[in-house]
Amino acid sequence: MPVSAYVVRCAPEDQSRLRAELAGQPGIELGESASTGFPVAADTPTNRAAAELGERLQHLPGVKAAVLVYHNFEDVADDPAEATVPAP
Amino acid sequence: MLSNRRDFLKQAALAAASSVLAGTMIRPAQAAEGADGLVWQKAPCRFCGTGCGVMVGVKDGRVVAVQGDLENPVNRGLLCVKGYHAGVALYGKDRLTTPLIRKDGQLTPASWEEAIEAIARHILKDPSKFSFYGSGQWTIPEGYTVMKFMKGGLGNNHVDPNARLCMASAVVGMVTTYGVDEPSGCYDDLDTADTVILWGNNPAEMHPVLWSRIVDRRLKGQKVEIIDLGTRRTRSTEEADHYLEFTPQGDLAIANGICHALVKSGELDRDWVTKHCNFRKGGDADGEAMTFEDYAKWLETYTPEFVQKVGGIRPAQLQLLVDRFADPNRKIVSLWCMGMNQHTRGTWINNLVYNVHFLSGKFGKPGSTAFSLTGQPSACGTCREVGTLGHALPGGRIVANEDHRKQCEELWNIPAGRIGAKPGHHAVALFDALQKGDLTGAWVQVTNPAQSMPNLNGLTSKLKERFLVVSDIYPTVTTDQAAVVLPSAMWVEKNGMFGNSERRTQQWFKMIEPPGQARDDVWQVIAVARRLFELGHPGMKNKDGDFLFTFKGADGKPVELWKWDVFRQTNADRLLFEEYRPFTAMKKYSLAPYDELVKSRGLRWPVVKTPEGTWKETARRFVEGEDPYVKPGSGVDFYWGRLKDGKALIWARPYEAPPEVPDEKFPFWLRTGRVLEHWHPGTMTRRVPQLHRAMPRAYVELNPGDAARLNISTGDKVKLSSRRGELVLPAWINGRSTPARGAVFVPFFAEESLINLVTLEAHCPLSKEPDYKKCAVAVAKV
């Protein structure tokens with residue numbers, strides 16, 4: 001179950017709304033806001049879910065960029081989902 | 001993973017992200033255990049020429065985490081989606097782990113001894129018909145080892161890298177403009193520019209961390225204007241303030257059009273030009289002298305109307321560019337990459353963009369520079385600085401120059417006359433020679449030419465009939481044709497050094513073991529060299545009769561680097577790099593000592609020792625007060641200027657149409673390129689499940705108007721055909737980018753969709769770099 005962290009870049013006036021939207025979602029923790037955005041840590045069931053979360057963050061209204069800054073995949077070998085990806 | 005560990009890691013992740021926002025986390029350069037129980041070490045990212053710093057977390061002999069290196073001034077803690085998965089790319093299920101030799105048509109497992117023997121015996125048959133095709137993803141020691149082996153040992157100059165396909169035009173552009181390779185400016189210029197102009201460039205996908213550096217300034221409320229001068233709308237266009245769509249090859253006319261307007265209106269920086277430039281005319285690398293007045297007259301062709309006719313942009317759009325360059329207070333950075341380099345007049349367009357910056361005086365000042373972005377992580381550090389090109393030698397030397405050959409022979413302690421004077425083949429010529437049988441063998445390392453060369457049927461279809469050796473990490477369409485396949489160590493499975501776009505040399509230590517029997521590419525070459533030495537090839541001896549790769553240990557005895565057990569215990573990188581470093585002083589590249597690079601997050605050369613004993617890097621070359629080699633009082637000193645007068649050249653290079661243009665039979669332009677998720681031919685990134693899922697297959701993008709006219713919708717099968725070949729791909733309309741009317745775009749990462757069957761090998765006659773951005777195709781719904 002990978003653990004990832006993002007920096008969500010947005011305008012100050014959009015932060016409250018975005019934080020409210022994300023707070024309380026399973027596996028997500030928010031860090032303290034700064035003038036250019038706020039940090040988000042995510043504990044997702046699979047790497048695929050982590051990637052989908054990143055896409056979801058990127059496309060939230062008001063988000064200028066959602067940049068992945070930390071990625072721990074120490075148990076990815078145990079994730080059965082990973083074994084089913086077809087070779088190129 | 002235990003839930004308490006998961007909670008702990010989440011806190012660590014949140015702290016990392018918070019630190020990036022606040023700019024406060026400290027990670028030491030040396031390996032150190034973190035609070036999370038992982039051992040963290042620095043390394044530059046494996047992928048693009050940006051050269052982002054990565055912290056790699058290792059646990060139980062495995063890379064299990066990555067994060068951006070906050071201490072690295074390139075990226076300050078950020079990475080892109082590829083960088084984050086660089087660790088996962090190590091663990092694809094089909095890693096090559098055993099040497100393979102083709103027997104009875106099949107690649108079969110072999111020992112290293114058998115493989116080395118086979119290679120050495122082939123070379124001995126005729127060393128002059130052997131060749132080496134390398135890579136801008138070679139580490140510096142890897143490229144240097146090959147240079148010494150081939151040019152200093154076999155006396156064979158047929159060494160060329162895949163960087164010929166990406167950066168050669170930038171190289172020749174710089175050399176013809178100011179006498180020496182590598183950019184003058186640096187990434188710091190992006191932090192202070194008022195206007196950033198993208199010349200056929202899509203940094204939002206191709207150099208995303210540098211792009212975020214620009215975008216972040218806008219988020220913080222700074223006024224940074226972005227002008228996207230391109231042939232298709234991309235993700236970069238979405239953030240741009242102005243999008244100017246030009247006709248393929250029209251960039252030549254646009255640059256001249258800006259110059260014409262500046263000269264005609266008198267809004268050029270005449271003092272700067274007089275002090276720092278001469279004028280030159282002609283199409284070749286030498287040209288002839290020209291006066292400013294003659295240049296002004298020559299520019300008269302490039303009226304706004306002419307620029308519109310051949311370049312496609314309207315007079316008002318041209319004027320927008322002119323107004324920017326005419327503003328004496330505006331700081332401008334021009335950025336470019338493959339759009340200008342993969343161009344049949346790539347050298348010329350590079351010259352012309354320098355012209356614009358020189359005429360306006362927007363060069364050599366913070367925030368004002370013309371900056372060629374590099375595609376690969378060490379096309380600068382290895383291919384260009386070590387000189388792994390057919391005509392070159394390390395440290396900016398060239399084979400055709402007798403003094404240069406003597407200098408290198410002396411540094412390598414090899415007999416006089418061993419280095420050949422005739423340049424070796426450039427990439428297209430090398431593969432053409434293999435195709436025809438003029439070359440009988442090639443060793444390919446860290447690249448995949450059977451996917452990435454243009455006109456694949458014409459240049460790579462006979463590789464299986466030659467003695468092809470391929471060192472790689474995964475099977476590819478190139479290993480499919482090999483006689484010998486050697487499994488290679490990748491990235492943090494070996495020591496390494498890269499040099500990025502802004503002249504920053506970075507170092508890393510091996511952190512984990514390579515899988516199976518995979519071994520370092522440096523060892524592979526030294527092992528073959530040793531076998532040739534044992535078999536009596538004279539080129540493998542230095543002047544003293546010792547083995548060419550003789551290094552003495554602390555005890556004064558030779559280090560037997562050709563023995564794998566010895567190699568593993570030795571830092572061969574340090575030995576090779578410190579042997580190479582004196583070469584770099586010759587052209588004032590002046591790389592820092594290895595041990596300084598270990599301590600730092602890279603240093604930008606020239607690096608010189610201060611009176612206090614510290615090592616000082618150079619942010620901007622040729623600028624007084626920054627570059628230690630600039631003559632005091634000169635302000636800007638192009639000390640390698642071709643006329644030996646401290647000046648650069650402004651070249652009168654004309655507009656010229658591309659060699660193949662759409663016609664009745666092939667009415668569309670084809671452009672090829674990359675996408676954010678995949679690195680080059682996808683050898684690594686397609687084995688990262690997240691990246692593969694995000695972009696699982698190649699496609700052809702059409703303009704929505706053209707698609708409607710041809711009754712093509714997203715998902716429909718479309719056949720692209722050219723004079724060279726054809727390919728069927730699914731269509732994608734209104735997807736990642738929007739090509740102009742009459743043009744299509746195809747990414748080249750998918751080995752099952754070899755778009756280079758369709759492209760042509762026409763190349764810039766000066767740089768020899770092929771044009772992957774312009775050929776003519778027919779488009780038909782299948």
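Throughout, protein chains are lettered first and strands after them, A, B, ... in sequence-line order, and every chain is numbered starting at 1.
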### Query
Looking at B:Tyr91, does the NZ or CZ of B:Arg62 lie under 6.0 angstrom from its six-membered ring centre and within 45 degrees of the ring axis?
yes

### Message
Students often mix this up, so state it plainly: with edges at 30° and 60°, are the rings of B:His85 and A:His71 parallel, tilted or perpendicular?
### Response
perpendicular

### Message
Taking side chain as everything from C-beta outward and backbone as N, CA, C, O, which of these in B:Asp216 sits under 4.5 Å from a heavy atom of chain A? Side chain, backbone, both or neither.
### Response
side chain

### Query
Is B:Arg686 close enough and on-axis enough to B:Phe749, meaning under 6.0 Å and within 45°, for cation-pi?
no

### Task
I would like to know whether B:His678 and B:His692 meet ring pair (Phe, Tyr, Trp, His ring centres under 6.0 Å); could you show each step before the answer?
CA-CA 8 Å; B:His678 289 301; B:His692 178 56; 7.0 Å; no

### Message
Heavy-atom cut-off 4.5 Å, strictly under: side chain, backbone, both or neither for B:Lys10 against chain A?
### Response
both

### Query
With a 4.5 angstrom heavy-atom cut-off, which part of B:Val63 approaches chain A: side chain, backbone, both or neither?
both

### Task
Using non-hydrogen atoms and a 4.5 Å limit, figure out which bit of A:Ser33 sits close to chain B: side chain, backbone, both or neither.
neither

